[in-house]
Amino acid sequence: AATQERLVAREEAVQRAQRQAAAAAQEAENAKAAAAEAEERAHAADKAKAEAERKARRADKAEKAARAEAASATEAAEKAESSVDQLTAQLREAKREAERARQDAVFQLAQGGVAAAAA
């Protein structure tokens, strides 16, 4: 009877060990699947990071180009403003010369009238 009990106990111990081994194997399989999934997520994160870096570089280039364009436009505007100032000064001078010429003409007409009256 004692031998029978030891055989039953040994059988139960073997079955327990087999169940524990099966559970450990299942845990190992689950861990392996989780590791593969984590690796996929890491790869996807790396790709997303690389894409974000490319977009950032493109944005930097676009910003530089926009700044250069703005500087060029500012320079062109300053040159145009300078040209307008020069043209305005030339126009004022031309108006003064025209006014002097008109006054000279009026004066000469008046002198011619006085000379005609005197003759």
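The first residue in the sequence is number 1, and the count goes up from there.
- Annotation: the span from Arg96 atom CZ to Leu91 atom CG amounts to 10.0 Å, rounded to 0.5 Å.
- Within the 3.5 Å criterion, the main-chain N or O of Val84 finds a donor-acceptor partner in the side chain of Thr88.
- When the shell of 6.0 Å around CZ of Arg58 is examined, it contains more than 12 heavy atoms from other residues, nucleotides or ligands.
- Within the 3.5 Å criterion, the main-chain N or O of Ala70 finds a donor-acceptor partner in the side chain of Thr74.
- Ion pairing between Glu51 and Lys47 fails under the 4.0 Å rule for side-chain N and carboxylate O.
- At most 12 heavy atoms of other shown residues, nucleotides or ligands fall within 6.0 angstrom of atom CZ in Arg67.
- For Glu53, the CD atom sits in a packed shell: over 12 heavy atoms of surrounding residues, nucleotides or ligands are nearer than 6.0 Å.
- Rounded to the nearest 0.5 Å, atoms NZ (Lys32) and CD (Glu37) are 15.0 Å apart.
- Annotation: side chain of Glu40 is not in contact with side chain of His43 (no heavy-atom distance under 4.5 Å).
- Applying the salt bridge (charged side-chain N to carboxylate O under 4.0 Å, His left out) criterion to Arg100, with sequence neighbours excluded, gives Glu93.
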Report the C-alpha distance between Lys95 and Glu99 in whole Å, list the side-chain angles of each, state the deciding distance to 0.1 Å, and finish with yes or no for salt bridge (charged side-chain N to carboxylate O under 4.0 Å, His left out). CA-CA 6 Å; Lys95 283 182 179 179; Glu99 181 60 22; over 6 Å; no

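- If you take NZ on Lys64 and NZ on Lys61, they are separated by 9.0 Å, rounding to the nearest 0.5 Å.
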For Asn30 and Gln26, run side-chain hydrogen bond (donor to acceptor under 3.5 Å, both in side chains): C-alpha distance rounded to whole Å, both residues' side-chain angles, the deciding distance at 0.1 Å, then the answer. CA-CA 6 Å; Asn30 292 347; Gln26 185 60 49; 3.0 Å; yes

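- Residues satisfying the salt bridge (charged side-chain N to carboxylate O under 4.0 Å, His left out) criterion with Arg92, sequence neighbours excluded, are absent altogether.
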